[in-house]
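This report concerns only the one structure given below.
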Amino acid sequence: MMRGKFVIAGVGHTAFGTLPGRSTVSLNVEACRRALEDAGIEKRAVDGVFVKTPTSAREILYGQTLSEALGLQPRIGIALDQGGAANMSGIAFACLAIEAGMCEVALVCYADNPRSGSRATYARPRGDDAAFGWFSTAAGYAMIHRRHVAEHGTPEAAFGAVAVAARRHGAANPNAQLRKPLTLDGYVAAAPLVAPLRRDDCALISDGAAALVVMSARRARELGVKAAVPILGMGQAHTSWEVTQRPCLTSTRAKDAARDAFAMAGLGPADIQVAQIYDCFTITVLMTLEDYGFCPPGQAEGFVREGRIEHGGDLPLNTAGGLLSETGMPGLQLVIEAVRQVRGTATLQVPGVRHALVSNQGGTMHTHATLILGG
Amino acid sequence: MTLPTPEVTPLNEAYWAGLAAGELRFQHCPHCGHRWLPARRECPACLREGAAWEKAAGTGQVISWVVYHTAYHDAFRDRLPYNVAIVELDEGPRLITNILAPHESIAAGMRVRLEVQSDFGVNLPRFAPVGAA
(Lines give C-alpha, C1' and ligand atoms only; values in the text may rest on other atoms or scores of the structure.)
Protein backbone atom coordinates (compact mmCIF):
# COMPACT_ATOMS: atom_id res chain seq x y z
CA MET A 1 0.00 0.00 0.00
CA MET A 2 1.70 3.17 -1.23
CA ARG A 3 -1.10 5.67 -0.55
CA GLY A 4 0.02 8.33 1.89
CA LYS A 5 3.24 6.52 2.73
CA PHE A 6 5.46 9.16 1.08
CA VAL A 7 5.40 12.93 1.19
CA ILE A 8 6.66 15.99 -0.57
CA ALA A 9 8.45 17.57 2.38
CA GLY A 10 9.69 20.74 0.72
CA VAL A 11 9.53 22.67 -2.53
CA GLY A 12 11.72 25.37 -4.04
CA HIS A 13 12.25 27.23 -7.27
CA THR A 14 14.31 30.00 -8.82
CA ALA A 15 12.89 33.10 -10.45
CA PHE A 16 11.24 32.29 -13.78
CA GLY A 17 11.92 34.10 -17.03
CA THR A 18 15.28 35.24 -18.37
CA LEU A 19 18.23 34.36 -16.17
CA PRO A 20 21.35 35.05 -18.23
CA GLY A 21 24.71 33.72 -17.17
CA ARG A 22 23.35 30.83 -15.13
CA SER A 23 24.19 27.21 -15.95
CA THR A 24 21.51 24.56 -15.50
CA VAL A 25 23.61 23.09 -12.67
CA SER A 26 23.68 26.43 -10.87
CA LEU A 27 19.91 26.86 -11.27
CA ASN A 28 19.33 23.32 -9.96
CA VAL A 29 21.50 24.00 -6.91
CA GLU A 30 19.52 27.15 -6.07
CA ALA A 31 16.19 25.33 -6.37
CA CYS A 32 17.47 22.42 -4.25
CA ARG A 33 18.75 24.80 -1.57
CA ARG A 34 15.33 26.46 -1.41
CA ALA A 35 13.53 23.11 -1.27
CA LEU A 36 15.73 21.97 1.63
CA GLU A 37 15.07 25.27 3.43
CA ASP A 38 11.33 24.83 2.87
CA ALA A 39 11.49 21.30 4.29
CA GLY A 40 13.59 22.59 7.17
CA ILE A 41 16.16 19.81 6.84
CA GLU A 42 19.93 19.69 6.47
CA LYS A 43 21.57 18.76 3.20
CA ARG A 44 23.33 15.84 4.85
CA ALA A 45 19.99 14.03 5.18
CA VAL A 46 19.78 13.70 1.39
CA ASP A 47 20.92 10.42 -0.12
CA GLY A 48 19.02 10.38 -3.42
CA VAL A 49 19.21 12.74 -6.43
CA PHE A 50 16.69 12.30 -9.27
CA VAL A 51 17.12 15.01 -11.90
CA LYS A 52 15.39 15.38 -15.25
CA THR A 53 17.90 16.04 -18.03
CA PRO A 54 17.84 19.63 -19.34
CA THR A 55 15.79 19.75 -22.55
CA SER A 56 17.98 22.22 -24.39
CA ALA A 57 21.43 20.80 -23.69
CA ARG A 58 21.94 17.13 -22.94
CA GLU A 59 25.00 16.12 -20.98
CA ILE A 60 26.23 12.70 -20.02
CA LEU A 61 26.44 11.87 -16.31
CA TYR A 62 24.26 14.88 -15.51
CA GLY A 63 23.05 13.29 -12.27
CA GLN A 64 26.64 13.05 -11.09
CA THR A 65 27.60 16.55 -12.27
CA LEU A 66 24.71 17.92 -10.24
CA SER A 67 25.47 15.73 -7.21
CA GLU A 68 29.02 17.09 -7.22
CA ALA A 69 27.73 20.68 -7.32
CA LEU A 70 25.39 19.80 -4.43
CA GLY A 71 28.35 18.37 -2.51
CA LEU A 72 26.63 14.99 -2.31
CA GLN A 73 27.69 11.42 -2.92
CA PRO A 74 24.19 9.96 -3.02
CA ARG A 75 23.22 6.32 -2.72
CA ILE A 76 21.05 6.84 -5.80
CA GLY A 77 21.94 9.58 -8.28
CA ILE A 78 20.36 9.52 -11.69
CA ALA A 79 19.31 11.67 -14.63
CA LEU A 80 15.93 10.75 -16.12
CA ASP A 81 14.89 11.25 -19.72
CA GLN A 82 11.15 11.13 -20.44
CA GLY A 83 10.74 14.73 -21.48
CA GLY A 84 8.25 16.49 -19.21
CA ALA A 85 7.01 13.28 -17.56
CA ALA A 86 10.44 12.69 -16.04
CA ASN A 87 9.75 15.00 -13.09
CA MET A 88 6.85 12.99 -11.74
CA SER A 89 8.42 9.70 -12.79
CA GLY A 90 11.36 10.87 -10.69
CA ILE A 91 9.04 11.29 -7.72
CA ALA A 92 7.70 7.75 -8.28
CA PHE A 93 11.15 6.21 -8.65
CA ALA A 94 12.29 8.04 -5.52
CA CYS A 95 9.33 6.62 -3.58
CA LEU A 96 10.05 3.11 -4.89
CA ALA A 97 13.72 3.43 -3.91
CA ILE A 98 12.74 4.65 -0.42
CA GLU A 99 10.22 1.82 -0.10
CA ALA A 100 12.96 -0.66 -1.02
CA GLY A 101 15.35 0.83 1.53
CA MET A 102 17.78 1.99 -1.15
CA CYS A 103 17.64 5.64 -0.06
CA GLU A 104 15.77 7.76 2.52
CA VAL A 105 15.57 11.37 1.41
CA ALA A 106 15.52 12.34 -2.27
CA LEU A 107 15.84 15.58 -4.20
CA VAL A 108 13.77 15.58 -7.42
CA CYS A 109 14.69 18.53 -9.61
CA TYR A 110 14.93 20.13 -13.00
CA ALA A 111 16.60 23.17 -14.55
CA ASP A 112 16.99 24.58 -18.02
CA ASN A 113 18.02 27.83 -19.67
CA PRO A 114 16.61 27.81 -23.24
CA ARG A 115 15.54 31.46 -23.04
CA SER A 116 19.01 32.90 -22.56
CA GLY A 117 20.75 29.81 -24.01
CA SER A 118 19.82 27.66 -27.00
CA ARG A 119 16.25 27.11 -28.23
CA ALA A 120 17.40 24.82 -31.05
CA THR A 121 15.63 21.78 -29.58
CA TYR A 122 12.23 23.39 -30.05
CA ALA A 123 12.92 24.27 -33.70
CA ARG A 124 14.66 21.00 -34.55
CA PRO A 125 14.37 19.17 -37.89
CA ARG A 126 12.36 15.97 -37.35
CA GLY A 127 14.75 13.50 -39.00
CA ASP A 128 14.75 12.92 -42.76
CA ASP A 129 11.23 14.36 -42.88
CA ALA A 130 12.82 17.81 -42.59
CA ALA A 131 12.94 17.60 -46.40
CA PHE A 132 9.16 18.20 -46.33
CA GLY A 133 9.57 21.12 -43.96
CA TRP A 134 8.71 19.00 -40.88
CA PHE A 135 10.39 20.98 -38.10
CA SER A 136 9.74 21.94 -34.49
CA THR A 137 8.05 20.68 -31.35
CA ALA A 138 5.02 22.91 -31.96
CA ALA A 139 4.19 21.28 -35.31
CA GLY A 140 3.78 17.85 -33.72
CA TYR A 141 1.19 19.23 -31.32
CA ALA A 142 -0.43 21.12 -34.20
CA MET A 143 -0.97 17.76 -35.95
CA ILE A 144 -2.74 16.40 -32.87
CA HIS A 145 -4.73 19.64 -32.38
CA ARG A 146 -5.94 19.49 -36.01
CA ARG A 147 -6.95 15.84 -35.76
CA HIS A 148 -8.90 16.54 -32.56
CA VAL A 149 -10.79 19.29 -34.36
CA ALA A 150 -11.41 16.96 -37.33
CA GLU A 151 -12.74 14.11 -35.15
CA HIS A 152 -14.72 16.10 -32.59
CA GLY A 153 -15.42 19.48 -34.15
CA THR A 154 -13.60 21.12 -31.24
CA PRO A 155 -14.19 24.88 -31.56
CA GLU A 156 -11.32 27.36 -31.36
CA ALA A 157 -13.05 28.89 -28.34
CA ALA A 158 -12.24 25.71 -26.38
CA PHE A 159 -8.52 26.08 -27.01
CA GLY A 160 -8.87 29.79 -26.31
CA ALA A 161 -10.62 29.11 -22.99
CA VAL A 162 -7.61 27.09 -21.80
CA ALA A 163 -5.21 29.90 -22.72
CA VAL A 164 -7.45 32.60 -21.22
CA ALA A 165 -7.72 30.73 -17.89
CA ALA A 166 -3.96 30.16 -17.69
CA ARG A 167 -3.25 33.80 -18.41
CA ARG A 168 -5.80 35.02 -15.87
CA HIS A 169 -4.18 32.83 -13.22
CA GLY A 170 -0.67 33.83 -14.25
CA ALA A 171 -1.58 37.51 -14.05
CA ALA A 172 -2.28 37.00 -10.35
CA ASN A 173 1.02 35.20 -9.75
CA PRO A 174 3.87 37.60 -8.85
CA ASN A 175 6.42 34.97 -9.93
CA ALA A 176 4.86 34.39 -13.36
CA GLN A 177 6.94 35.13 -16.44
CA LEU A 178 3.95 36.38 -18.47
CA ARG A 179 1.45 38.39 -16.42
CA LYS A 180 -0.50 39.93 -19.29
CA PRO A 181 -4.12 38.69 -19.31
CA LEU A 182 -5.63 37.41 -22.54
CA THR A 183 -9.16 37.67 -23.91
CA LEU A 184 -10.79 35.20 -26.26
CA ASP A 185 -10.82 37.92 -28.92
CA GLY A 186 -7.11 38.48 -28.37
CA TYR A 187 -6.49 34.73 -28.66
CA VAL A 188 -8.32 34.47 -31.98
CA ALA A 189 -6.72 37.64 -33.36
CA ALA A 190 -3.14 36.38 -32.99
CA ALA A 191 -1.42 35.24 -36.18
CA PRO A 192 -1.02 31.50 -36.66
CA LEU A 193 2.42 30.03 -35.96
CA VAL A 194 2.02 26.52 -37.32
CA ALA A 195 -1.72 26.43 -38.03
CA PRO A 196 -3.92 25.54 -36.31
CA LEU A 197 -1.63 26.63 -33.44
CA ARG A 198 -1.61 30.29 -32.54
CA ARG A 199 0.95 32.06 -30.38
CA ASP A 200 -1.12 31.73 -27.20
CA ASP A 201 -1.59 27.99 -27.64
CA CYS A 202 2.14 27.56 -27.00
CA ALA A 203 4.17 27.28 -23.80
CA LEU A 204 6.60 30.00 -22.85
CA ILE A 205 10.33 29.57 -23.35
CA SER A 206 11.84 29.96 -19.89
CA ASP A 207 14.98 29.79 -17.81
CA GLY A 208 14.59 28.47 -14.31
CA ALA A 209 14.66 25.52 -11.96
CA ALA A 210 12.48 23.77 -9.42
CA ALA A 211 13.08 21.08 -6.83
CA LEU A 212 11.20 18.88 -4.37
CA VAL A 213 12.27 16.93 -1.30
CA VAL A 214 10.68 13.47 -1.16
CA MET A 215 10.78 11.13 1.85
CA SER A 216 8.57 8.75 3.78
CA ALA A 217 5.87 10.18 6.02
CA ARG A 218 7.62 8.48 8.93
CA ARG A 219 10.98 10.10 8.13
CA ALA A 220 9.24 13.49 7.79
CA ARG A 221 7.87 13.12 11.31
CA GLU A 222 11.32 12.11 12.64
CA LEU A 223 12.93 15.14 10.97
CA GLY A 224 10.23 17.49 12.22
CA VAL A 225 9.06 18.55 8.73
CA LYS A 226 6.26 21.06 9.24
CA ALA A 227 4.25 21.08 6.03
CA ALA A 228 4.69 17.66 4.44
CA VAL A 229 2.15 16.92 1.72
CA PRO A 230 1.18 13.24 1.32
CA ILE A 231 1.43 11.53 -2.06
CA LEU A 232 -1.81 9.61 -2.53
CA GLY A 233 -1.52 8.27 -6.04
CA MET A 234 1.02 7.91 -8.84
CA GLY A 235 0.90 6.43 -12.32
CA GLN A 236 2.77 6.56 -15.57
CA ALA A 237 2.27 5.12 -19.04
CA HIS A 238 3.89 5.95 -22.32
CA THR A 239 2.43 6.21 -25.80
CA SER A 240 6.04 6.20 -27.03
CA TRP A 241 5.37 6.14 -30.78
CA GLU A 242 6.21 9.16 -32.90
CA VAL A 243 3.10 11.20 -33.72
CA THR A 244 3.37 10.15 -37.38
CA GLN A 245 3.06 6.48 -36.49
CA ARG A 246 0.68 6.22 -33.54
CA PRO A 247 -2.64 4.71 -34.63
CA CYS A 248 -4.73 7.21 -32.63
CA LEU A 249 -3.77 10.87 -32.35
CA THR A 250 -6.55 12.05 -30.03
CA SER A 251 -6.10 9.81 -26.97
CA THR A 252 -2.92 8.65 -25.25
CA ARG A 253 -1.81 6.34 -22.47
CA ALA A 254 -2.46 9.29 -20.13
CA LYS A 255 -5.65 7.29 -19.61
CA ASP A 256 -3.67 4.42 -18.05
CA ALA A 257 -1.41 6.68 -15.99
CA ALA A 258 -4.50 8.32 -14.47
CA ARG A 259 -6.29 5.02 -13.91
CA ASP A 260 -3.32 3.74 -11.90
CA ALA A 261 -2.97 6.96 -9.91
CA PHE A 262 -6.70 7.09 -9.09
CA ALA A 263 -6.62 3.39 -8.10
CA MET A 264 -3.64 3.90 -5.79
CA ALA A 265 -5.34 6.89 -4.19
CA GLY A 266 -8.74 5.20 -4.01
CA LEU A 267 -10.23 8.26 -5.72
CA GLY A 268 -11.89 9.30 -8.94
CA PRO A 269 -12.16 12.52 -10.98
CA ALA A 270 -15.11 13.74 -8.90
CA ASP A 271 -12.88 13.75 -5.78
CA ILE A 272 -10.45 16.33 -7.20
CA GLN A 273 -10.88 19.98 -6.17
CA VAL A 274 -8.01 21.50 -8.17
CA ALA A 275 -5.86 20.21 -11.03
CA GLN A 276 -2.57 21.21 -12.59
CA ILE A 277 -2.73 19.86 -16.14
CA TYR A 278 0.41 20.00 -18.27
CA ASP A 279 -0.24 22.76 -20.79
CA CYS A 280 2.73 22.92 -23.11
CA PHE A 281 0.03 23.41 -25.76
CA THR A 282 -3.69 23.95 -25.20
CA ILE A 283 -4.63 20.68 -26.96
CA THR A 284 -2.80 18.77 -24.23
CA VAL A 285 -5.19 20.12 -21.59
CA LEU A 286 -8.31 19.16 -23.55
CA MET A 287 -7.05 15.65 -24.25
CA THR A 288 -5.84 15.09 -20.68
CA LEU A 289 -9.26 16.08 -19.28
CA GLU A 290 -10.85 13.54 -21.63
CA ASP A 291 -8.33 10.75 -21.03
CA TYR A 292 -8.52 11.26 -17.24
CA GLY A 293 -12.29 10.86 -17.26
CA PHE A 294 -13.20 14.43 -16.26
CA CYS A 295 -15.35 14.38 -19.40
CA PRO A 296 -16.06 11.91 -22.23
CA PRO A 297 -13.89 11.83 -25.39
CA GLY A 298 -14.53 14.93 -27.49
CA GLN A 299 -16.44 16.69 -24.68
CA ALA A 300 -13.65 18.77 -23.16
CA GLU A 301 -14.81 21.75 -25.21
CA GLY A 302 -17.98 21.91 -23.15
CA PHE A 303 -16.04 21.37 -19.93
CA VAL A 304 -13.62 24.27 -20.34
CA ARG A 305 -16.13 26.94 -21.36
CA GLU A 306 -17.83 29.55 -19.24
CA GLY A 307 -15.06 29.90 -16.71
CA ARG A 308 -15.44 26.43 -15.20
CA ILE A 309 -11.66 25.87 -15.25
CA GLU A 310 -10.91 29.32 -13.85
CA HIS A 311 -10.43 30.16 -10.18
CA GLY A 312 -13.95 30.16 -8.75
CA GLY A 313 -15.14 27.53 -11.26
CA ASP A 314 -15.98 23.82 -10.77
CA LEU A 315 -12.44 22.60 -11.44
CA PRO A 316 -9.83 25.34 -11.41
CA LEU A 317 -6.87 24.36 -13.58
CA ASN A 318 -3.28 25.59 -13.54
CA THR A 319 -3.94 28.08 -10.79
CA ALA A 320 -0.45 29.63 -10.94
CA GLY A 321 -0.54 30.01 -14.73
CA GLY A 322 0.99 26.73 -15.93
CA LEU A 323 3.39 26.47 -18.83
CA LEU A 324 1.39 29.08 -20.75
CA SER A 325 1.90 31.85 -18.20
CA GLU A 326 3.92 31.02 -15.07
CA THR A 327 6.94 29.44 -16.77
CA GLY A 328 7.46 27.13 -19.74
CA MET A 329 9.51 24.84 -17.50
CA PRO A 330 8.34 21.30 -18.19
CA GLY A 331 6.28 20.32 -15.19
CA LEU A 332 7.70 20.74 -11.71
CA GLN A 333 6.05 24.14 -11.27
CA LEU A 334 2.73 22.30 -11.54
CA VAL A 335 3.68 19.95 -8.71
CA ILE A 336 4.77 22.90 -6.58
CA GLU A 337 1.45 24.67 -7.16
CA ALA A 338 -0.43 21.49 -6.19
CA VAL A 339 1.65 21.38 -2.98
CA ARG A 340 0.70 25.01 -2.25
CA GLN A 341 -2.98 24.26 -2.89
CA VAL A 342 -2.95 21.32 -0.47
CA ARG A 343 -1.05 23.36 2.12
CA GLY A 344 -3.51 26.23 1.68
CA THR A 345 -0.78 28.72 0.72
CA ALA A 346 -1.49 29.32 -2.99
CA THR A 347 -1.95 32.87 -4.26
CA LEU A 348 -5.18 31.82 -5.97
CA GLN A 349 -6.13 29.40 -3.23
CA VAL A 350 -9.06 27.11 -3.98
CA PRO A 351 -11.17 26.68 -0.86
CA GLY A 352 -11.39 23.26 0.76
CA VAL A 353 -8.74 21.42 -1.27
CA ARG A 354 -8.56 17.82 -0.11
CA HIS A 355 -7.11 16.32 -3.28
CA ALA A 356 -5.00 18.01 -5.96
CA LEU A 357 -4.13 16.29 -9.20
CA VAL A 358 -1.14 16.92 -11.47
CA SER A 359 -0.33 15.68 -14.98
CA ASN A 360 3.09 15.80 -16.60
CA GLN A 361 3.87 14.66 -20.11
CA GLY A 362 6.71 14.85 -22.58
CA GLY A 363 7.88 14.60 -26.17
CA THR A 364 4.90 15.00 -28.49
CA MET A 365 2.63 13.30 -25.94
CA HIS A 366 5.10 10.37 -25.97
CA THR A 367 5.25 10.08 -22.18
CA HIS A 368 2.82 10.67 -19.32
CA ALA A 369 2.75 10.66 -15.53
CA THR A 370 -0.01 11.41 -13.03
CA LEU A 371 0.27 12.47 -9.39
CA ILE A 372 -2.42 12.94 -6.74
CA LEU A 373 -1.60 14.83 -3.55
CA GLY A 374 -3.79 15.41 -0.54
CA GLY A 375 -4.28 15.32 3.17
CA MET B 1 19.32 27.83 -49.91
CA THR B 2 19.01 24.06 -50.35
CA LEU B 3 16.57 21.81 -48.56
CA PRO B 4 17.71 19.58 -45.73
CA THR B 5 18.82 16.39 -47.48
CA PRO B 6 17.68 12.97 -46.31
CA GLU B 7 20.55 10.78 -45.16
CA VAL B 8 20.79 7.72 -47.39
CA THR B 9 22.02 4.68 -45.45
CA PRO B 10 22.28 0.96 -46.25
CA LEU B 11 19.02 0.57 -44.31
CA ASN B 12 16.96 3.05 -46.33
CA GLU B 13 18.70 3.11 -49.72
CA ALA B 14 16.00 0.93 -51.30
CA TYR B 15 13.42 3.56 -50.22
CA TRP B 16 15.27 6.41 -51.90
CA ALA B 17 16.16 4.26 -54.94
CA GLY B 18 12.46 3.53 -55.34
CA LEU B 19 11.62 7.22 -55.31
CA ALA B 20 14.43 7.88 -57.79
CA ALA B 21 12.60 5.39 -60.04
CA GLY B 22 9.29 7.17 -59.42
CA GLU B 23 7.77 4.71 -56.96
CA LEU B 24 7.05 4.69 -53.22
CA ARG B 25 8.12 1.59 -51.35
CA PHE B 26 7.38 0.35 -47.84
CA GLN B 27 8.71 -2.59 -45.87
CA HIS B 28 6.83 -5.77 -45.09
CA CYS B 29 7.73 -8.66 -42.85
CA PRO B 30 7.84 -12.07 -44.57
CA HIS B 31 7.29 -13.75 -41.19
CA CYS B 32 4.22 -11.96 -39.81
CA GLY B 33 3.03 -9.83 -42.73
CA HIS B 34 3.31 -6.50 -40.87
CA ARG B 35 3.90 -3.46 -43.13
CA TRP B 36 5.58 -0.22 -42.13
CA LEU B 37 7.58 2.94 -42.79
CA PRO B 38 10.18 4.33 -42.15
CA ALA B 39 12.90 1.74 -42.73
CA ARG B 40 13.86 -0.54 -39.84
CA ARG B 41 16.08 -3.57 -39.63
CA GLU B 42 13.73 -5.51 -37.35
CA CYS B 43 9.96 -5.88 -37.74
CA PRO B 44 8.36 -3.80 -34.96
CA ALA B 45 5.57 -6.39 -34.65
CA CYS B 46 7.45 -9.73 -34.43
CA LEU B 47 11.00 -8.36 -34.03
CA ARG B 48 12.45 -10.63 -36.69
CA GLU B 49 14.81 -9.56 -39.46
CA GLY B 50 14.55 -9.99 -43.21
CA ALA B 51 12.09 -7.25 -44.14
CA ALA B 52 11.31 -6.97 -47.84
CA TRP B 53 10.49 -3.86 -49.85
CA GLU B 54 7.17 -3.61 -51.64
CA LYS B 55 5.83 -1.02 -54.10
CA ALA B 56 2.91 1.00 -52.74
CA ALA B 57 -0.17 1.44 -54.90
CA GLY B 58 0.26 5.14 -54.18
CA THR B 59 -3.21 5.84 -52.81
CA GLY B 60 -4.15 6.75 -49.27
CA GLN B 61 -5.88 9.25 -47.02
CA VAL B 62 -4.97 12.35 -45.04
CA ILE B 63 -4.80 11.72 -41.27
CA SER B 64 -3.84 15.26 -40.22
CA TRP B 65 -2.07 18.33 -41.54
CA VAL B 66 -0.54 21.61 -40.43
CA VAL B 67 0.29 24.86 -42.20
CA TYR B 68 3.58 26.57 -41.39
CA HIS B 69 3.43 30.35 -41.13
CA THR B 70 6.92 30.51 -39.73
CA ALA B 71 10.10 28.99 -41.17
CA TYR B 72 12.40 26.99 -38.93
CA HIS B 73 14.90 26.65 -41.81
CA ASP B 74 15.87 29.23 -44.42
CA ALA B 75 15.04 26.86 -47.30
CA PHE B 76 11.35 27.14 -46.42
CA ARG B 77 11.20 30.89 -45.91
CA ASP B 78 9.99 31.73 -49.41
CA ARG B 79 7.59 28.78 -49.44
CA LEU B 80 5.47 30.11 -46.58
CA PRO B 81 2.75 29.27 -45.95
CA TYR B 82 3.33 25.58 -46.72
CA ASN B 83 1.63 22.44 -45.45
CA VAL B 84 2.97 19.23 -43.92
CA ALA B 85 0.64 16.25 -43.59
CA ILE B 86 0.46 12.70 -42.28
CA VAL B 87 -0.83 10.33 -44.97
CA GLU B 88 -1.83 6.73 -44.36
CA LEU B 89 -1.29 4.50 -47.39
CA ASP B 90 -4.05 2.06 -48.24
CA GLU B 91 -1.56 -0.71 -47.38
CA GLY B 92 -1.25 0.70 -43.80
CA PRO B 93 2.09 2.50 -43.41
CA ARG B 94 2.00 6.22 -42.57
CA LEU B 95 4.42 8.93 -43.66
CA ILE B 96 5.09 12.64 -43.45
CA THR B 97 4.49 14.44 -46.74
CA ASN B 98 3.14 17.58 -48.40
CA ILE B 99 -0.32 17.80 -49.97
CA LEU B 100 -0.43 19.39 -53.42
CA ALA B 101 -3.66 21.29 -52.92
CA PRO B 102 -4.85 24.65 -51.55
CA HIS B 103 -4.59 24.51 -47.74
CA GLU B 104 -8.28 25.36 -47.29
CA SER B 105 -9.27 22.29 -49.33
CA ILE B 106 -7.37 19.75 -47.21
CA ALA B 107 -9.51 17.61 -44.91
CA ALA B 108 -9.06 14.58 -42.69
CA GLY B 109 -9.94 11.45 -44.63
CA MET B 110 -9.36 13.16 -47.98
CA ARG B 111 -8.32 10.62 -50.62
CA VAL B 112 -4.91 11.32 -52.13
CA ARG B 113 -2.62 9.85 -54.76
CA LEU B 114 1.19 9.75 -54.89
CA GLU B 115 3.00 12.33 -56.95
CA VAL B 116 6.78 11.98 -56.85
CA GLN B 117 8.42 15.38 -57.20
CA SER B 118 12.04 16.35 -57.56
CA ASP B 119 13.07 19.03 -55.10
CA PHE B 120 16.70 20.22 -55.23
CA GLY B 121 17.69 16.92 -56.85
CA VAL B 122 15.92 14.62 -54.38
CA ASN B 123 12.74 12.78 -55.33
CA LEU B 124 10.14 13.21 -52.56
CA PRO B 125 6.80 11.41 -52.17
CA ARG B 126 4.08 14.05 -52.21
CA PHE B 127 0.33 13.56 -52.62
CA ALA B 128 -2.40 15.23 -54.64
CA PRO B 129 -6.16 14.90 -54.13
CA VAL B 130 -7.62 11.97 -56.06
CA GLY B 131 -9.33 13.34 -59.12
CA ALA B 132 -7.04 16.39 -59.33
CA ALA B 133 -5.37 16.93 -62.67
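Chain naming here is simple, since letters A, B, ... match the order of the sequence lines and numbering starts at 1 in each.
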Under a 4.5 Å heavy-atom cut-off, does chain B meet the side chain of [X], its backbone, both or neither?
X         : answer
Arg246(A) : backbone
Pro125(A) : neither
Leu249(A) : side chain

Need one label for [X]: side chain, backbone, both or neither, based on atoms under 4.5 Å from any heavy atom in chain A.
X        : value
Asn12(B) : side chain
Tyr82(B) : side chain
Pro44(B) : neither
Leu95(B) : backbone

What heavy-atom pair brings [X] and [Y] nearest, and what distance separates the two atoms?
X         : Y         : answer
Ala131(A) : Phe76(B)  : O-CZ, 3.8 Å
Tyr68(B)  : Ala139(A) : OH-CB, 3.0 Å
Met143(A) : Ser64(B)  : O-OG, 2.7 Å
Tyr72(B)  : Ala138(A) : OH-CB, 4.3 Å
Arg94(B)  : Pro247(A) : NH2-O, 3.4 Å

*How are the rings of His73(B) and Phe135(A) set to each other: parallel, tilted or perpendicular (split at 30° and 60°)?*
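Answer is tilted, since the angle falls between 30° and 60°.
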
*CD1 of Ile96(B) to CH2 of Trp134(A): how many Å apart, nearest 0.5 Å?*
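Output value for this atom pair is 4.5 Å.
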
*Between Thr97(B), Thr5(B), Val87(B), which has the largest tally of heavy atom pairs under 4.5 Å with chain A?*
Thr97(B)

*Could you tell me which of Thr70(B), Asn83(B), Asn98(B) has the largest number of non-hydrogen atom pairs under 4.5 Å with chain A?*
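The option with the most such pairs is Asn98(B).
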
*Any side-chain heavy atom of Pro6(B) within less than 4.5 Å of one from Phe132(A)?*
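Counting from C-beta outward, Pro6(B) and Phe132(A) never come under 4.5 Å.
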
*Check each of Val67(B), Ile63(B), Ile106(B), Ile86(B) against Arg146(A) using the side-chain contact (heavy atoms from CB on, under 4.5 Å) test, and report the only one that passes.*
Val67(B)

*asked:* Determine whether a donor-acceptor pair (N or O, by modelled atom type, separation under 3.5 Å) exists between the side chain of Gln245(A) and the backbone of Leu37(B).
replied: yes

*Is a side-chain N or O of Glu7(B) found less than 3.5 angstrom from the main chain of Asp128(A), in a donor-acceptor match?*
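The answer is no, because no donor-acceptor pair under 3.5 Å joins these two groups.
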
_If you count every heavy atom of other residues, nucleotides or ligands that lies below 6.0 Å from Arg259(A) atom CZ, does the total exceed 12?_
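Counting other residues, nucleotides and ligands, CZ of Arg259(A) exceeds 12 neighbours.
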
_Option that, when pairs with chain B are counted at under 4.5 Å, heavy atom only, ranks first among Ala150(A), Pro196(A), Pro192(A)_ =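 Top option by heavy-atom pairs under 4.5 Å: Pro192(A).
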
